[in-house]
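What follows is a short report on a single structure.
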Amino acid sequence: TALAANRGLRGALHFVLAVPVGWGLLFTLSSAGLGSLVMAAPGLRWTIVLGGVGDLLWLARRLWGIGQLGQADAAKLDVSFVQGVLLQFLNIKAWMISLSIVAGWVAGQPDLLDRYLQILPLMLAFAFSSNFTYALIGSALRHWLAQGQRLLAFNRLMALTLVATAVWIVWRQAQPG
């Protein structure tokens with residue numbers, strides 16, 4: 001939403017397309033056993049969690065000071081396609097979805113490949129449609145946000161939401177069991 005609000009729908013499309021690719025790779029690797037490794041190795045799990053939290057805080061810091069659309073166009077929010085794919089490996093939501101599906105429906109099943117091939121297109125479609133919807137909303141708000149201090153307020157609200165999410169993730173992961 002924030003990327004499209006600042007850069008428009010066209011400026012967000014490379015990221016919208018990168019997300020399903022990243023989710024697909026993450027789901028593929030989780031189905032191949034990476035998910036079990038992550039769950040069995042607390043240090044690796046914490047590395048992913050803290051990397052995801054770091055990503056959220058990095059984006060929040062970048063959003064905080066953007067108050068004009070021209071500032072965002074000056075590379076404040078540049079994320080390449082490859083970076084968008086790789087960011088999914090720091091995306092705690094993508095990990096949770098992937099690990100839950102693999103643990104609950106794919107792993108240990110005699111028809112593992114069939115199940116994987118059924119779920120993969122659904123994950124790709126969900127990742128694309130949800131991110132495209134967010135981008136459409138951000139793009140629709142773009143002109144309204146260009147008036148006065150609305151963009152700065154919006155970006156700061158998004159930044160605070162990212163910080164709150166980061167705090168919640170760390171707090172939740174630190175809970176026993």
Side-chain angles (χ1 to χ4, degrees), residues 1-7 11-12 14-16 18-27 29-30 34-69 71-72 75-80 82-104 123 126-142 144-145 149-177:
T1 307
L3 186 60
N6 284 280
R7 305 207 59 185
H14 65 284
F15 185 77
V16 168
V19 170
V21 173
W23 279 33
L25 288 171
L26 182 60
F27 178 64
L29 293 171
S30 293
L34 179 63
S36 298
L37 175 64
V38 169
M39 295 310 289
L44 181 57
R45 183 172 56 87
W46 271 105
T47 299
I48 292 167
V49 167
L50 294 177
V53 165
D55 174 51
L56 293 175
L57 295 175
W58 170 79
L59 184 55
R61 185 178 67 68
R62 294 187 81 165
L63 280 171
W64 187 261
I66 298 173
Q68 296 176 350
L69 293 174
Q71 287 178 279
K76 285 272 188 177
L77 295 175
D78 277 346
V79 178
S80 72
V82 172
Q83 288 172 319
V85 170
L86 294 176
L87 281 173
Q88 300 320 298
F89 286 84
L90 297 177
N91 181 342
I92 195 68
K93 297 178 308 259
W95 275 103
M96 291 169 59
I97 290 170
S98 180
L99 293 175
S100 297
I101 291 171
V102 169
M123 283 194 72
F126 175 73
F128 174 78
S129 62
S130 61
N131 279 276
F132 188 72
T133 300
Y134 299 146
L136 279 175
I137 292 167
S139 179
L141 292 174
R142 182 173 166 78
W144 181 79
L145 291 171
Q149 296 293 312
R150 291 176 181 170
L151 183 64
L152 182 63
F154 173 81
N155 283 339
R156 287 190 173 172
L157 177 63
M158 297 302 285
L160 290 172
T161 302
L162 290 170
V163 169
T165 302
V167 168
W168 176 81
I169 288 170
V170 171
W171 175 79
R172 189 73 182 115
Q173 290 297 312
Q175 300 300 308

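The analysis underlying the following values was restricted to heavy atoms, covering all of them including side chains, and did not include hydrogens, waters or symmetry mates. All figures in this text were calculated on a predicted structure; none of them were measured in a lab.
Scored by the ring pair (Phe, Tyr, Trp, His ring centres under 6.0 Å) test, F27 finds Y116 as partners (sequence neighbours excluded). Residues forming a side chain to side chain contact (heavy atoms under 4.5 Å, CB included) with Y134 (at least two apart in sequence, or on another chain): T1, S130, N131. Partners of N91 by side chain to side chain donor-acceptor pair (under 3.5 Å), not counting sequence neighbours, listed by chain and number: Q88. In this structure, the side chain to side chain donor-acceptor pair (under 3.5 Å) partners of Q83, at least two apart in sequence or on a different chain, are S80. Partners of L162 under the side chain to side chain contact (heavy atoms under 4.5 Å, CB included) rule, at least two apart in sequence or in another chain, are L56, L59, A60, L63. Remark: R150 engages W144, L145, Q147 in a side chain to side chain contact (heavy atoms under 4.5 Å, CB included) (not counting sequence neighbours).
In plain terms, the two heavy atoms of A166 and L57 that are nearest each other are CB-CD2, 3.9 Å. Shortest non-hydrogen contact noted between Q173 and R45 is OE1-NH1, 2.5 Å. Closest non-hydrogen pair, S30 versus S98, comes out as OG-OG, 3.0 Å. G22 and F89 make their closest contact through O-CE1, 4.2 Å (heavy atoms, listed as atom of the first residue, atom of the second, distance). Pairing each heavy atom of A40 with each of P42, the nearest pair is O-CD, 3.3 Å. Contact record, W64 with A159: CE3-CB, 3.8 Å, taken as the closest heavy-atom pair.
Taking CG of L160 as the start and OG1 of T165 as the end, the distance is 10.5 Å to the nearest 0.5 Å. L141 CG to L136 CG: the interatomic distance, rounded to the nearest 0.5 Å, is 11.0 Å. Atom CZ of residue F132 and atom CD1 of residue I137 lie 11.0 Å apart, to the nearest 0.5 angstrom.
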Steps toward side chain to side chain contact (heavy atoms under 4.5 Å, CB included) verdict (W95, L90): CA-CA 8 Å; W95 275 103; L90 297 177; over 6 Å; no
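Inter-residue side-chain proximity for V19 and F128 is flagged as unmet; no heavy-atom pair is nearer than 4.5 Å.
In this structure a side-chain-to-backbone donor-acceptor pair under 3.5 Å is present from N155 to I66.
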